[in-house]
There are 2 protein chains.
Amino acid sequence: MNIGEVSSRAGLPAKTIRYYEDIGLVRPPRGANGYRHFREADLHKLVFLGRARSLGFSIEDCRGLMALYEDRARASADVKRIAEDHLHRIDRKLTELGAMRDTLAHLVRSCAGDERADCPILADLAGPDAGSPL
Amino acid sequence: MNIGEVSSRAGLPAKTIRYYEDIGLVRPPRGANGYRHFREADLHKLVFLGRARSLGFSIEDCRGLMALYEDRARASADVKRIAEDHLHRIDRKLTELGAMRDTLAHLVRSCAGDERADCPILADLAGPDAGSPL
DNA sequence: CCTTGACCTTCCAGTAGTGGGAACCCCTAT
DNA sequence: ATAGGGGTTCCCACTACTGGAAGGTCAAGG
């Protein structure tokens, strides 16, 4: 099948699929006209990549997962390690994003949001001991 | 003061400060030798930017916040709107990141992580109806 | 046969926010 | 005179695409 069909079936933009070929994640053969020809196995790989990316795995993680996916002699421990590392990264991100949200929510609540210039949000951003910038 | 001093006082890498000048967030004058000369007001701006960035505001948000910071006739409502929009973006991000974590945590728990090839993580990534890739 | 339109191709540029490094200038101290 | 520790510009790399331009291919209709 051509890139358009595989794109709609895998749910990935054609641009992205070309990019994945560029970095060696898929290697569809070419027809006489230069068009990429995708086989079912290529489609499966792209679906796999789409799902892994949607779980936030990096391209390099995906490369590793793909290699394991295609390796009949893999150990599930290797897969699990990649997933656990990613899980820890997500947890760290969640923690820092949560801290951001709490700080920001506090600032937003403390701001009147009216026509006056007085604003605790700006005051906080300027720092504890900062006066007017002018 | 020179870029090195303002860098350590603002807690930002010199590279970042040059970048901020490049995109017009700060405009330190130059001395006869071509060196940037930072005034106290420039330092305050950089501290402001560093704090705003650490709360996850985008560069464009920072540009808007800076303009309001320097505008004596601002309305705090304008500041609050930017902060609220950002807060909503963070909340959405937290939601999707949380969903990722839950899915991933479930997969990690279900994987034996031993020497066997059988792996629910790969099975899930491959999709519900996918067989072996070979 | 020609045109139209959808599809395909490549390449280039840009995104955010730096990080790294080259190559070079400037200032101070010894 | 020289050594070091500043500073300067410029360019490339990164993540993971996304958009656009310019042009080749294919199938259908007049």
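Below, read A as the first sequence line, B as the second, and so on, with proteins coming before strands; counting in each chain starts at 1.
At a threshold of 4.0 angstrom between heavy atoms, the contacts of Tyr20(A) are confined to the sugar-phosphate backbone, with no base atom among them. Ile3(B) comes within 4.0 angstrom of the backbone, heavy atoms only, and of no base.
Boundaries of the chain A contact region on DNA chain D are dA16(D) to dC26(D), first to last in 5' to 3' order (nucleotide atom under 4.0 Å from a heavy atom).
For the residue pair Cys119(B) and Ser76(A), the shortest heavy atom distance occurs at CB-CB, 3.9 Å. When all heavy atoms of Val26(B) and Ile17(B) are compared, the pair lying nearest together is CG2-O, 4.3 Å. The nearest pair of heavy atoms linking Arg51(A) to Asp124(B) is NE-O, 2.8 Å.
Arg27(A) is linked by a salt bridge (Lys or Arg N to Asp or Glu O under 4.0 Å) to nothing, counting only residues two or more places apart in sequence or in another chain.
Salt bridge present: Glu21(B) and Arg30(B) bring a charged side-chain N and a carboxylate O closer than 4.0 Å. The existence of a salt bridge linking Arg116(A) and Asp114(A) is confirmed by a sub-4.0 Å separation between a basic side-chain nitrogen and an acidic carboxylate oxygen.
Although no hydrogens or angles enter the test, the distance criterion places a donor-acceptor pair under 3.5 Å between the side chain of Asp42(B) and the main chain of Arg39(B).
Contact annotation: Arg53(B) reaches the phosphate of dT18(C) (side-chain N/O to OP1 or OP2, under 4.0 Å). Put simply, Arg36(A) has no side-chain N or O that comes within less than 4.0 Å of OP1 or OP2 on dC8(C).
Of the residues near DNA chain C, Glu60(B) and Asn33(B), the one whose nearest nucleotide (by heavy atom distance) lies more toward the 5' end is Glu60(B). Projected onto DNA chain D by closest heavy-atom contact, Gly34(B) and Ser58(A) fall at different nucleotides, the more 5' of which corresponds to Gly34(B). Along DNA chain C, the nucleotide nearest to Thr16(B) and the one nearest to Arg30(A) differ in position, and the one closer to the 5' end is contacted by Arg30(A).
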Got a list of protein N/O to nucleotides 21-23 of chain C N/O distances below 3.5 Å?
{"residue": "dG21(C)", "atom": "O6", "partner": "Lys15(B)", "partner atom": "NZ", "Å": "2.5"}

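In Arg89(B), the CZ atom is crowded: over 12 heavy atoms of neighbouring residues, nucleotides or ligands sit closer than 6.0 Å.
Spacing between atom CD1 of Ile17(A) and atom P of dT10(C) amounts to 14 Å, rounded to whole angstrom units. Taking atom OH of Tyr19(A) as the reference point, atom P of dG14(C) lies 18 Å away to the nearest angstrom. Counting to the nearest Å, the P atom of dT28(C) and the CG atom of Asn2(B) are 11 Å from each other. Distance OH (Tyr35(B)) to C1' (dC25(C)): 7 Å, rounded to an integer number of Å. For Met1(B) and dC27(C), the CE to P distance is 19 Å, given to the nearest whole Å.
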- Query: Please walk me through it: do Asn2(B) and Arg36(B) pass side-chain contact (heavy atoms from CB on, under 4.5 Å)?
  - Reply: CA-CA 6 Å; Asn2(B) 285 342; Arg36(B) 290 168 184 82; over 6 Å; no
- Item | Criterion salt bridge (charged side-chain N to carboxylate O under 4.0 Å, His left out) on Arg81(B) and Glu84(B), from CA distance to verdict | CA-CA 5 Å; Arg81(B) 192 176 329 110; Glu84(B) 276 178 331; over 6 Å; no
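Near DNA chain C, meaning a heavy atom under 4.0 Å away, there are no residues from residues 84-93 of chain B.
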Show me the donor-acceptor pairs, under 3.5 Å and distance only, between side chains in residues 8-15 of chain A and residues at least two apart or in other chains.
{"residue": "Ser8(A)", "atom": "OG", "partner": "Glu5(A)", "partner atom": "O", "Å": "3.1"}
{"residue": "Arg9(A)", "atom": "NH1", "partner": "Glu5(A)", "partner atom": "OE2", "Å": "3.3"}

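Pairs passing the ring pair (Phe, Tyr, Trp, His ring centres under 6.0 Å) check and including a residue from residues 78-100 of chain A, sequence neighbours excluded, read Phe57(A)-His86(A).
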